[in-house]
Amino acid sequence: MPLVHPMPRGRPPLGLPAWVFVPAAVGAMFVVLPLVAMLTRIEWGSFGSLITSDSSRAALALSLRTSLASTVLCIVFGVPMALVLARTEFRGQSIARSLVLLPLVLPPVVGGIALLYTFGRRGLLGHTIEVLGLQIAFSTTAVVMAQTFVALPFLVVSLEGALRTGGQRFEEVAATLGARPTTVFLRVTLPLVLPGLASGAVLAFARALGEFGATITFAGSLQGVTRTLPLEIYLQRETDPQAAVALSLVLVVVATVVIALTRRSRTAL
Amino acid sequence: MPLVHPMPRGRPPLGLPAWVFVPAAVGAMFVVLPLVAMLTRIEWGSFGSLITSDSSRAALALSLRTSLASTVLCIVFGVPMALVLARTEFRGQSIARSLVLLPLVLPPVVGGIALLYTFGRRGLLGHTIEVLGLQIAFSTTAVVMAQTFVALPFLVVSLEGALRTGGQRFEEVAATLGARPTTVFLRVTLPLVLPGLASGAVLAFARALGEFGATITFAGSLQGVTRTLPLEIYLQRETDPQAAVALSLVLVVVATVVIALTRRSRTAL
Amino acid sequence: GDGTSSGSSTSSSSGTSASGTSAALSGQITVFAAASLKKTFTAIGAEFEKAHPGTTVTFNFAGSSDLVSQIQQGAPADVFASADAKNMAKATTASLTAGQPVNFASNTLEIAVPPGNPAKITSLADLAKPGIKVVVCAPAVPCGSAAATVERAAKVDVKPVSEEQSVTDVLGKVASGEADAGLVYVTDVKGAGDKVKGIEFAESSSAVNTYPIAALKRSTNGSLAQAFVQAVTGQAGQGILAAAGFAKP
Amino acid sequence: MKLDARVRFPQRGVDLTLAVEAGRTLALLGPNGAGKSTALASIAGLLRPDTGRITLDDRILYSHSDAHSDTDSGSFVATRPGQGEWVPPHARGVALLAQEPRLFPHLSVLDNVAFGPRSAGMPRGAARERAREWLGQVDAEAFADRRPAALSGGQAQRVAIARALATEPHLLLLDEPLSALDVESAPAIRQLLRRVLRDRTTILVTHDILDAVLLADDVAVVEDGRVVEQGPTSRVLTRPTSGFAARIAGLNLVRGTAHGAAVSTPEGLRIEGLSDDTLGEGAPAVAVFSPSAVGVYLQAPAGSPRNVVRGTVTDLEPHGHQVRVHTAYLAADITPAALSELHLAPGSEVVFTVKASEVAVYAA
Amino acid sequence: MKLDARVRFPQRGVDLTLAVEAGRTLALLGPNGAGKSTALASIAGLLRPDTGRITLDDRILYSHSDAHSDTDSGSFVATRPGQGEWVPPHARGVALLAQEPRLFPHLSVLDNVAFGPRSAGMPRGAARERAREWLGQVDAEAFADRRPAALSGGQAQRVAIARALATEPHLLLLDEPLSALDVESAPAIRQLLRRVLRDRTTILVTHDILDAVLLADDVAVVEDGRVVEQGPTSRVLTRPTSGFAARIAGLNLVRGTAHGAAVSTPEGLRIEGLSDDTLGEGAPAVAVFSPSAVGVYLQAPAGSPRNVVRGTVTDLEPHGHQVRVHTAYLAADITPAALSELHLAPGSEVVFTVKASEVAVYAA
Ligand SMILES: Nc1ncnc2c1ncn2[C@@H]1O[C@H](COP(=O)(O)OP(=O)(O)OP(=O)(O)O)[C@@H](O)[C@H]1O
Ligand SMILES: Nc1ncnc2c1ncn2[C@@H]1O[C@H](COP(=O)(O)OP(=O)(O)OP(=O)(O)O)[C@@H](O)[C@H]1O
Ligand code: MOO
Ligand SMILES: [Mg+2]
Ligand SMILES: [Mg+2]
């Protein structure tokens, strides 16, 4: 399926240095070979029954729902965060940037512990949450929160990079044409940074979909409620590593399809 | 420590829509609160002795070494990959792009299994590797490979986004001035995409530093050789969750310092 | 040993009586169980639901230490089944359990080797030979401390190439042929089918790992929780556990 | 709307004071790097001067001082303590046509032009309607549905003009609007601007004398970041006091001090002329005369012209049906016939003569 | 180096054939959107024509056909089967100065100019030396250490010119190099180009007649994607056959069919003139005359001029010391005195007269 390419017809590629293709191919091989190796080890006989089992289907459905939800949350909160980091200057901005990056390097399991310390019954906000009658930990909400926590920085960092690379020349023009900041944001900034936002959203979605450590710690592993596909895979691995590999294949295929669909609908715009 | 900002002096920010700050603040809180909660739970009394223990120090040193090495590998292989994806058109490009994205969504543990299937003693290339007299399994090399495998897509995706956002108007100018593709790449493409490359490298470094599942599966866990900080943290957690949290804090601080140092040296250029 | 035998006898009697008083049991419980119990407990749960129509048992499988900290943070758990006494002790110390925990199974170590046993391992002493790649659990996790105990008992000094985080990780290295041998539980060897071969060794008796289970104080369905504990310690449960290779506690 | 602006950028060596009366058009002339674009960007709100003050009627768009001001601090006036007033660009009612077209690459040409009206709250349909009209005015309806990347340089410039005009701002700032246009479009767009600017308050940066003559009521000449000359167009172009204004008006200008009705320069040059006002002896003055009033000889003639200046030809260029002969300071227009008679080429030594009656001398 | 180019872009309606002899300069004139930049981009290798063929001396830079060619397929000629030849931009020895300066934002002005020499393999020091010289030539040494963002529009353009010239290419392509320059810089840069282009093979796109006259040996006029006229500069500008060339040369041109020494148009206009070649009766022909040869009256005069054309004044503009009066098709130059006598304003009905002896009639 050829990607619709924005490059105007008739414009020839400038030509990359030939040597570039060598490391690119090596890198691609390094990524692709393990996937091929994985494929060769799958027992295709039991594949069908395995991936259609109740628990697998429940886990897949849950994973998709929660990952999409947390990607949406990442966009809702991450786009403003990236904007503030890329387009304003304030005292302590570099500290703010570092703080936002932290979940990137926190081992996910520790991230889960931190979330428990915050939103758990005995956590920082536990009392508040209880008073509000909410039950967060060990619910599907907790899964979404865990995924959002780990995925958010991916969106913020890559989007901030894209915003800075793009510059603000067109935003300036829009302002002199009388567009208020909101209009500038919606009609100029956002459309122009769309490739960067798409990359960021893909990264966030992928990170959410693969999230394991924070989820098992903060949300637990209840079938249909908090046991996402990675958790199911982890459990399968206890007994049958090959089943885990087969399930991963499902995860990979689903992710690829979702990503391809978003790309397609974007280029179709 | 205020970041040196590239925006020319005297240029006023255009002003963001006021409402942007609301979700940005909520998002920032969501990330920062758990970190604060974590801090409140640390037993500062035992903190010093804990993080200076032999095993902690060995793990930290190993983590830094391997993460930096795999970040370098990610740059060496990822930059050409991103270039090929962003600047050329070929049949099957979108498939290539999807394949490169796969490690993003593969649960890291499964990624480790896939690496075993490929580079392990009985793997796809196991024989070749043995003939070459190499010893990968249970070595630090294996750690670097696992980290590179999971971190590479982060660099590729975010860099491709930045390359596409940036466009190639300056590359065209360079070519008409007689610059060969390699010169164009080194003197125009690379410097102009530096903010995007920096973001991508930070993401890759962070991902490598936090890597756990693929490492434990592919490389094992031996102090000073393959037991990186996340693995050490995971083990500590078995006996003393608070110790794990304290160690995580070290990880976070180290990562922040490394990232800040790279940013600083870049802006100083 | 004493409490356990009484527990098992009570359970077998209440197991029969359970079918008589099944009208009293209804509702839903959540069982927090060690990940290594996934297969067996899922089967026991299914039997249990069949025996007591109208009840639902859901499981939260994770590492034992994860489970304890989740319970400590207020997770909605009714029953806790731990893979070792140490983590159960954390729960009892925090007065989270309703009554004394009951040991329902035990497990001993075995040497796991790849199919065909390429390194020709026959005894624990072979693991100390130079050039043999051995993986064990790290001392911080239950199977690792067990391994250390047997090594000490057998006066064998194994230099592992890796100290893994869990049994699963050890099995993975052995099954893939990456390691020549590993120390894991009997049940793990059995569970792995023909992917690894088990080699028993005499010194394994020096480290017996027991699995305790307990209903939890905060349970909103205490009677159902107790009934599940009894089902595990009862005949049906014990049968399933034995089939998976678990020994009597 | 009346504009008053004082903007200072010490780093760029810019310190300009500009005023435009309501409904009038000010042409801003000056060499490259004089500070013209800097001035427009400051007034549009894209640059913050280091110090200064910009007002549109009574509304302060920017002021540096802490001095309090009692104007209505409407919702858009973001006042920072100790930093004076600052109205962000979008709230100024000022439209800027910058030196490059900068069309939004992701919008069609039509939506580019409709952007301003829509930003002002006009519904999409009406805004497109309006945009189509303006595209018609610049003869660009044909491109309405294209993306900007598919336009030629001149086409893009025309669309950018339509986009700026479609906003109907209080104050319009145009930075070299016609420089990319061909000889056929330029007059048409100039006509359009002439109609449109008649009752708008506008600042127009240009390097073309025609624009100033046809479009501007007033002219300000900027050199090295300072306004060196300002006044009604006809006065500045017929009686320039700055070298740049003389040059753009195609006149010779000699600057010096007054001695009677003559101007003498520090280099010892002395030009006699007619002075219509009484010049103080020794006061700064200029002597201005047209190149066509200059006679060119190889040897100093023995005739009536009282002004005789020697020089070396630096350049010859066609100028209408004549040829303009340049020396370092002065220019003369001669016929092609005279040119071939004199055998002139760059490097030739020549003598320029001007009758005193052709030279206007006035205070600088 | 001799350039031969045939480039076709059916989608853009462009089909151009251009030739430049070694060492000569071709001025490319034409209205906005005619295809001038498209032609330059194709020759530079930034656009791939749909069909066509571009050669520089014997070297094929681009050819569409599958027809084999026996030129040396050096290392840079990437031949795709069935796609003809394609030399990538950097290997063509062609430097392009595009319509916008596009200075590298991350390099200093000096390094921008040194980029070309360094790409050609010159060591850094020597390249900077060379760059500094060229910056001097365009009077921009003062900015050597600045970043391009800190330049004004005209300053950036001058640096871009220096950058293009510093590469010393086989073929130089300049797209409106002088349009952003002020009246003081433009003549200086024009002088520079005149020196530099003397022995270089160059194509120069311009909208300014002065550039064509002073810099170009030949002129090609492009309209709607086709070359409508091509020849030595003096011939094209004195005896234009296209409306655009006449317009840019400041001449009136009437196109029609020949009837003796007269040209009659489909609209019924008939212009008598002097024909120096024998025109076939009914053949396409043009009548060309200068605006200064046109008399302007309110009523048809009873005099000798045999050509009398009625019209409505569309526009009046200053032109040197005269005023140019435009009607829909023709222009006339009159003195300001005559203007005020006639009370002309846009909309006035006028009669233009031209003596037949002032009209040149020749084949179109
Ligand atoms: N960001 C900057 N930092 C420092 N100096 C600058 C900056 N931008 C412009 N300058 C300098 O300020 C001066 C005024 O520049 P400006 O762009 O206003 O000139 P201009 O009159 O518009 O010229 P042009 O006719 O070439 O467009 C110039 O000397 C320029 O080099
Ligand atoms: N990417 C494109 N796709 C389709 N048409 C295009 C594209 N780029 C330019 N055109 C059209 O091709 C024609 C030639 O454009 P070109 O840029 O060559 O004109 P030009 O002669 O350089 O004009 P100008 O004097 O305005 O710069 C124009 O009509 C333009 O609209
Ligand atoms: O609690 Mo575990 O995962 O069986 O060691
Ligand atoms: Mg400017
Ligand atoms: Mg063009």
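Predicted model only: the values in this text are computed from it and were never measured. All chains are named by letter (A, B, ...) in the order of the sequence lines, taking the proteins before the strands, and each is independently numbered beginning at 1.
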With a 4.5 angstrom heavy-atom cut-off, could you sort out which part of B/V252 is near chain A: side chain, backbone, both or neither? both

Indicate, with yes or no, if the rings of A/F30 and B/F77 have centres closer together than 6.0 Å. no

Heavy-atom distance under 4.5 Å to chain B: side chain of A/F119, backbone, both or neither? side chain

Got B/F149 and A/P34 here, is their nearest side-chain heavy-atom distance under 4.5 Å? yes

Distance col, row A/F21:CZ vs B/T88:OG1, nearest 0.5 angstrom, shows 5.5 Å

Any side-chain heavy-atom pair from B/L203 and A/L203 closer than 4.5 angstrom? yes

Full working for side chain to side chain contact (heavy atoms under 4.5 Å, CB included) between B/V31 and A/L152: CA-CA 8 Å; B/V31 168; A/L152 188 57; 3.7 Å; yes

Can you check whether B/T182 reaches A/W19 side chain to side chain, under 4.5 Å on heavy atoms? yes

How long is the straight-line distance from CE of B/M38 back to CG of A/L106, given to the nearest 0.5 Å? 5.0 Å

Part of A/V84 within contact of chain B (heavy atom distance under 4.5 Å): both

Need one label for A/L33: side chain, backbone, both or neither, based on atoms under 4.5 Å from any heavy atom in chain B. both

Chi angles and distances behind the side chain to side chain contact (heavy atoms under 4.5 Å, CB included) call for B/Y117, A/V36: CA-CA 9 Å; B/Y117 286 169; A/V36 171; over 6 Å; no

Heavy-atom distance under 4.5 Å to chain A: side chain of B/I233, backbone, both or neither? side chain

Using heavy-atom distances under 4.5 Å, tell me whether A/I113 contacts chain B through its side chain, its backbone, both, or neither. side chain

Portion of B/F205 that has a non-hydrogen atom of chain A nearer than 4.5 angstrom: neither

Report which part of A/V20 has an atom under 4.5 Å of a heavy atom belonging to chain B: side chain, backbone, both, or neither. both

Could you tell me which non-hydrogen atom of A/G210 sits nearest to which non-hydrogen atom of B/P108, and how far apart they are? O-CD, 4.4 Å

Under 4.5 Å to a heavy atom of chain B? For A/L209 that would be side chain

Can you tell which of B/P181, B/A82, B/P103 has the highest number of heavy-atom pairs within less than 4.5 Å of chain A? B/P181

Given that the side chain runs from C-beta out, which part of A/F185 has a heavy atom under 4.5 Å from chain B: side chain, backbone, both or neither? side chain

Residue among B/G161, B/A37, B/A25 with most heavy-atom pairs under 4.5 Å to chain A: B/A37

Let's test your reading of the structure: which of A/V156, A/V254, A/V245, A/V32 forms the most heavy-atom pairs below 4.5 Å with chain B? A/V245

Measure the shortest side-chain to side-chain distance between B/P107 and A/L251 over non-hydrogen atoms and say whether it is less than 4.5 angstrom. yes

Got a second to check how far B/L125's CG is from A/M29's CE, nearest 0.5 Å? 10.5 Å

A/T183 portion near chain B, given a 4.5 angstrom heavy-atom threshold: neither

Shortest non-hydrogen pair, A/R41 vs B/R122, comes out as NH2-O, 3.1 Å

I need the B/S199 OG to A/L159 CG distance, nearest 0.5 Å. 10.0 Å

